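What follows is a short report on a single structure.
Note that the coordinates shown come from a computational prediction; the quantities given were computed from them, not determined experimentally. Just so you know, these numbers use all the heavy atoms, side chains as well, and skip hydrogens, waters and symmetry mates.
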Amino acid sequence: ATPQLLLRPGPRGPAEFTPPPECPVFEPSWEEFADPFAFIDKIRPIAEKTGICKVRPPPDWQPPFACDVDRLHFTPRIQRLNELEAQTRVKLNFLDQIAKFWELQGCTLKIPHVERKILDLYQLNRLVAEEGGFDLVCRERRWTKIAMTMGFAPGKAVGSHLRAHYERVLYPYHLFHSGTNLLCLQKALVDDVNDRDKEYKPHDLLQRQNIHVQPCDMSAPARRAKRMKTEVNVNTRTHTPLKCLYMNKCICMCVLEREVPIQVKQEPVEIKEINPEPEKSTLRYKKNIPPPPVDLYVCLMCGTGNDEDRLLLCDGCDDSYHTFCLIPPLGDVPKGDWRCPKCLAQECTKPQEAFGFEQACRDYSLKSFGEMADSFKSDYFNMPVHMVPTELVEKEFWRLVGTIEEDVTVEYGADIASKEFGSGFPINGGKFKVAPHDEKYLQCGWNLNNMAMMTPSVLTHVTADICGMTLPWLYVGMCFSSFCWHIEDHWSYSINYLHWGEPKTWYGAPGFAAEQLEAVMKKLAPELFESQPDLLHQLVTIMNPNTLMAHGVPIYRTNQCAGEFVITFPRSYHSGFNQGFNFAEAVNFCTVDWMPLGRQCVEHYRLLNRYCVFSHDEMVCNMAMKADRLDVVLASAVQKDMRLMIKGERELRDKVCKMGVVQCELFKYDLLADDERQCVKCRTTCYLSALTCPCRPGVQVCPHHAHDLCSCPVSNYTLNYRFTLDDLYPMMNAVRQRAESYDEWAARVTEVMEAKLDKKRNVTVFRALLEESDEKSFPENDLLRQLRLVTQDAEKCSSVAQQLLNGKRQTRYRTGGGNSPNQLTVEEMRSFVRQLYNLPCSLTQAPLLKELLNSIEDFQQHSEKLLSDEVSADSVSEIESLLEEDSQFDVFLPELPLLRERLEQTRWLAGVQQAEDPVSNPCGLSLDCMCRLIDRGVGLTPHPSTERTMARLQELLTISEEMEEKAQALLKARWGHSMLTQVDGVPAYLPNCLLLQDTVNRAKEWLQEAEDLQVGGQTPVLSSLSDMVLRAHAIPVRLEPLDQLEVLVSEVQAWKESAAKTFLIKNSPFTLLEVLCPRWEVGSSLKKKKMRKMKGECMSSGKKKLVKLDSMSDVERALSDSKDSASAMFTLAEVRLKEQESLCSLRAANESKLLPTADCAALKVCVCQKPPMGAMLQCELCRDAFHSVCVRGPSDPLDPEAWLCPLCLRSTKPSLAKIQTLLSSLQRIRVRLPVGDALRYMIERTGSWQRRARGVIDSYDHSLASQDCRGASTTQSHRTTGHKRKCIYVYVYWVQCDCCNRWFHMICVGVSAELAAEEDYMCVTCSTTNAGRRK
C-alpha cells in the first residue's frame, strides 16, 4: 500500500524552475504522414536544431492498443529523486562521507542550523577550499565574505557561526584527508551540540545497490558499555530489506524546543540478540580488570601502558591509544564504536561503488502499478490526478530533484521487452486480433515494429535483432518517474509513442551541443565522473535544464500527450519525467544522414571503452555486398564510409605488420555473437580484423590495442581478418558504380550551390538539375530537397522582386505560415535584397531591386530631415512631392503616416495663413472659417506649431464670439457707437460687428443728408425724402430727424390725396401726374417717324442729346432728378411742345377722316374703331368722331361747353382759385414733387392763356368773323354740289388727287388744309399703282 504522506514546511528550497522554450511541433497532412522517413527527412533541418521535436498524427490516426495486458508483469526500478540530480548526488555523497567519518569516530553527525536554515556543509566546504583553506580564511577573516556568498545577510555575525560549525564538523575531516593523525573530537561534538541541529541519516548507497554488509555478531556499543561498568543494554539493529520503498519523504526542519516526529513508512525489521564479549570488553579499561601476566596493551603513540584507565581500544583492530595522546586529546571516552587512525583510513579510502538504480522486489501487473501510481499522485497533490496541472508537477519535480532535505522515492517500469509481452502496436502473427478497419496499422510506417526495419532505415542491414533498438521497448511510468540525460546507442535516432495515460515531459539539447552539455556536467559534478567516466551512458544522472541553460547549453522542452510521437535526433541528449501513470513505446532507427555520425560514435565508444550494440563495419560490408540493390543515395554514403573504413584498416594492418605479426588467418567474425568478439581492452565489436594469442584462447583485441593483448612475443600473435584488402576494394567499387551517376549529379549540384558571387549560375540551371533528378528518379534526400528549396525560393524571390519592381501589391512568404497579404517593411526589403544576393543562384532583378532599395533609403533620409524640421506652411509642395514619390514604392514605410500627418499639419497652417492673408481674403477671418479651421485642427497630430496656431485661433474665436454677441445685442437695442473702437483691433471678419459698423456709417451718412437738406436752402424732392425715410427704417439706429421727415412725407401724401380728389374723375384710369402734365403720348406713326428723323439729325449734327421722354416714368424721373423748379419747368415745357405737336397731328388726322371719300367703309372711328354710322359726335380737342351709342354725349345739346371724348376728358377741371389754393398749401410744406411741379406749370400755362385770351378778346375783329361766315356758306354750297352723300358735319373740307383727279374728304384721307396747300396729294389707289410699275 502507498504510505501516508506527511508534508512539513521545510527550509527555503532551490530557485523556482523556469520552463525552457518549446521544441517544434509538426502536424503532417495525410499525404506527408504516408511516408515517415520522407517526412522526418523533411523536418530534419528544423528539428535537429532543437534535438527533439513532437509530431501530432492526423486526428483519424488512432491505432488500437495491442499489448497483452494480462500477461504484462514487470519489476520496476526504484528512483530516489534527489539522488538523480548530479549536483545533489555530489552533496549527498559528501554528507555520507562526513557521516561515515564521524560514525567511525563513535559520534553521530548532526547538521547545524544557521539563521533558521539548514547549513549547506558541501557548499561551506567548497567555498573554504576555494578561499585557501581553514587557516587562511581565519587568518584573513574571510568568514563574512563566505557567509554573504552563501546567501546570508551581513551584519549578524553569521561568519562566526560558520567558522564554529566548520571547525567542529568539517575541519577534523579535512585534517584527516590531509594526513594529520586526528582521531576524534572532544566530547562536546557529541554532547554539546545545539538541540536544533538535525541528525543526519546516511543514504546507504552501497546497501541500495545490493552490496550486503554483514552485521557483526557482537555489538560494539555493548562491548563499550561493559568496559565502562554500566548497565548492559541490548541494542537492536534494524536492517531494511531490499524492498521497494514507494516513497520515503523526510523533510528536515529546524526544531526549536522539541523535535516533531516524522511519519515514514514502517518496514519489517530483524531483531537479533547481541551476545556480549566479556573477554574483549574487559580490555578497554584495565583498572577494572586484573592485568594479564604479560602487559600486551600499550599506547601506540607513546609506547607505554601507563594510565590504563585512559587507554582506548580500537573496535576494528584492537590497537590501544591514550586519550591524551590523541591529537587533540579526548576529554572522555566516546559512547559509540571507535576506530583508530589506521582503521579510519582504511574505511574512508575504500573506492566508491558505481551508482545505479536498484530493482524493486515486487512484481507488478499493469493494473496494480496503475492503482499504485494514481494513489501516489492523488495523495501527494491532495487532488484528483486529472486535475493536477502539468506546470505544477514540473516545478515540483525539479524542486524535489534539487533538494537534499526531502527524499521521495518512485518506481519506473522501463526497458520492458516488447518481444516478450507484445507491442502496443498490432503486428502480423501477433496474439491480438485486429479488427478489419484497423488492419491498415499492421503495415503502417509509423508502427514502431516496422519503422526500424523499413527500407530507408540503415538498421535493416544489421542481421541481429537488437532489443530496444530494432525491437521496441515498453515504458510504464508514474508521477515523477524519470529518464536521465542520455543519447541513443550509436547516436541513432529514436522515436517514442505515448499510447495512453498522462503526459510525458521531455527536455532535449541539439546534437551540436552534446560535447558542451558533457563539459558542463563534468565541470559542475567532477566527483561523479572521476568514479564513472561513462556516467552519461548509464542513464542514472540528471541535471536541471535551468542550470545547463545558465551555462550556455541550448535546452528545449515539450509535453508529449497520448497519441503523439517524440523524435530525438542523432547525438541529441534528452531526458524527462512522467506526469503520471502512462504507457509508452520507443525504438531506434538510422537514416542515410546518420552514416558519418555512426562511424564517429564507434571511435568515441573506443575512447570510453564502451561496448557497441552492433558492428558498424559489419553493417557497412553487408550493404556493400548488396550494392546492386542499394539506393543511390545510400550507395553514395556507403562508398564514402567504406573509403574511410578501408583507409583506416589498411593503416592498422600495416601497423600490425610492422610490429612483427606474421601469422594471418581468415575468420568469419559475423558467425560469432557480439559479446564473444569484443576487444578485451576497449570492448568494441571486432569484425574486419582482430589479434589473438594462443596463451589466451577466446580473447582478442582490436588492432588499435595490439600491445594490450598479452605479454607473449608479438610473433605468437595471429591476425584474424574477415576480408582481405583486395576483397574490400571491389566491394567499394561496386558501390561507387552504383552511386556514380548520382555523385556526378550531386557534384554539379554542390558546385552550383556553393558558387561564389561572381560565379553564380542562373536559376534556369537549377531547374535543369531538378528536371534531371526527376528523369533519373534520384531519391529524396537532403541535397535534392535543398536544391528544390533553393529553386523554389529563387523563383519566389524572383516573382516577388518583379512585383516589387512593377509596383504591384505583394504577398510575403513566411516559413510555415503561407502567404500573407502584407507589404514588406524597409528592413524586410533590405533583408530580402540580402537574401537575393545570398541565394546560390543569380537573379536579374537583384541589382534593380538594390537600386530601388537605395531610392527608398534616400526617401527615408529626406523624410527624416523634413520631419525633423519645424512645421511650415511653405513645405506643402515638398511633402506632396515626397508622397508622390512614395507611390512608386510598394513597401511599408513608417515615415508615410508621419509625412501624411505633417502634410495635414502644413496644409492646415497654409489654410490658416491664407485665411489671414489680407490680399487673398480682404474681409479677414470669419467665425465660420475659424470654426472650420479649429475643427480641422482638432483632428491633427499634436505639434508645437499647430498647437500655438490652434491656441491663437481659439483665443481669436472666443474674442470674436464675445464681440459678436455684444454687437448683436447692441443692434437689437438700436445703438452701437461704443463698440466701434474695439472692433477695429480684432483681425477677424465679424458680421455683426461689421454690420454694426456699417449701420453706424449709414446712420451718419443719413444724418448728414438730413442736415444738408435743412441747411442747403433747396427744397427737397419727395422722392429723396421717401428714399431717406425708407433708408432710415432700414438702419437699426434711432435717428432723431426721422420723425420730422415722416411728418413731412405724411403731409405731402395728404396733399397728394387732396389734389387727386380735386382733379381726378371718379374711377379715372389716369394718375394725378398724367392729368396735370401735358399730353405727350398722343400722335400717330408719322409723328414717330419724324421723331426718329429729328434724333438722327441731332446725332449727326453733334448737338447735345435730348433727354428721353418717351413715357410717363421718364417724365416723372426727369422731374424728380431736376435740381430746382426752373429745370422742372423746362422739362414740362418740352413735354408741352410734344403735346402741341402731337395734338396738331392727331387733330389733322382725325379731321381728314370726315372729308368726303369714295370709300368711307374703310374708315375707323370711335373707340370701337368701326366705320362712321348714324349720329356721330366729334371731340373738340382731338377732332375724332364717336358713335353716340359708344360714348356718352352732352346731357344738354344746347350746352355751349365743348364736348370732349373720354380720352381727352381727364380731369374735373376745377377752378383756378382752387388750384392756386392747392399750390399755396404745397409751397407751405416746402417739398418738391413732380405733381407739384406739374400743377405749378399748369397754373402758369393757365395764366399765360388767360393773358393771351384777353388780348385776343380785346382786339377781336368782328368783320373777320362775318367773312368767315360767308366762306363757310360757299364751302357748304360747293360740298353739296360736289357730293350727293349727306354729312353729319356743318363744315367739310375736300382734297383732289393730282393723278386721277378724284375728290376725297380731307378728314377721310388724313390730310390737313395746310398740307394740301403746300404739297401734291395722291390717293391710295394711285400710290399703289405707281409703286407696282416701279417694281
*Can you sort out the partners of Gln861 under side-chain hydrogen bond (donor to acceptor under 3.5 Å, both in side chains), two or more places apart, ordered by chain and number?*
none

*List in chain and number order the residues that pass side-chain hydrogen bond (donor to acceptor under 3.5 Å, both in side chains) with Lys395, two or more places apart in sequence or in another chain; answer none if no residue qualifies.*
Glu16

Output all residues satisfying side-chain contact (heavy atoms from CB on, under 4.5 Å) with [X], sequence neighbours left out; order by chain, then residue number.
{"X": "Glu904", "value": "Arg907, Leu940"}
{"X": "Asn854", "value": "Lys850, Glu857"}
{"X": "Ser1224", "value": "Arg1228"}
{"X": "Ser855", "value": "Phe889"}

*With Leu1239 as reference, evaluate Thr1062, Leu1222, Val1075 under the side chain to side chain contact (heavy atoms under 4.5 Å, CB included) test and give the passing residue.*
Leu1222

Please check: side-chain N/O of [X] versus main-chain N/O of [Y], any donor-acceptor pairing under 3.5 Å?
{"X": "Thr1131", "Y": "Ser1127", "result": "yes"}
{"X": "Ser868", "Y": "Glu864", "result": "yes"}
{"X": "Ser1050", "Y": "Glu1046", "result": "yes"}
{"X": "Lys760", "Y": "Tyr837", "result": "yes"}

*How would you list, by chain and number, every residue that makes a ring-ring contact (aromatic ring centres under 6.0 Å, His included) with Phe832, sequence neighbours excluded?*
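Once residues adjacent in sequence are excluded, Phe832 has no partner under the ring-ring contact (aromatic ring centres under 6.0 Å, His included) criterion.
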
For [X], all residues meeting salt bridge (charged side-chain N to carboxylate O under 4.0 Å, His left out), sequence neighbours excluded:
{"X": "Glu901", "answer": "none"}
{"X": "Glu851", "answer": "none"}
{"X": "Lys54", "answer": "Glu564"}
{"X": "Glu1051", "answer": "none"}

*Salt-bridge present (Arg1031, Glu1005; N to O < 4.0 Å)*: no

*Is the shortest distance from a Lys or Arg side-chain nitrogen in Glu827 or Arg830 to a carboxylate oxygen in the other one below 4.0 Å?*
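Looking at Glu827 and Arg830, the cut-off is met.
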
_Within the structure provided, determine whether Tyr1241 and Pro1078 are in side-chain contact (heavy-atom separation under 4.5 Å)._
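SC-SC contact between Tyr1241 and Pro1078 confirmed.
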
*Looking at side-chain heavy atoms only, is the closest gap between Pro21 and Tyr556 below 4.5 Å?*
yes

Ignoring hydrogens and angles, write down the donor-acceptor pairs under 3.5 Å from the side chains of residues 930-937, residues two or more places apart or on other chains.
none

*Test side-chain contact (heavy atoms from CB on, under 4.5 Å) applied to Leu839 and Leu836, step by step*: CA-CA 5 Å; Leu839 286 173; Leu836 292 183; 4.3 Å; yes

*Going through the checks in order, is the side chain to side chain donor-acceptor pair (under 3.5 Å) test met by Gln905 and Thr941?*
CA-CA 8 Å; Gln905 293 170 350; Thr941 304; 4.6 Å; no

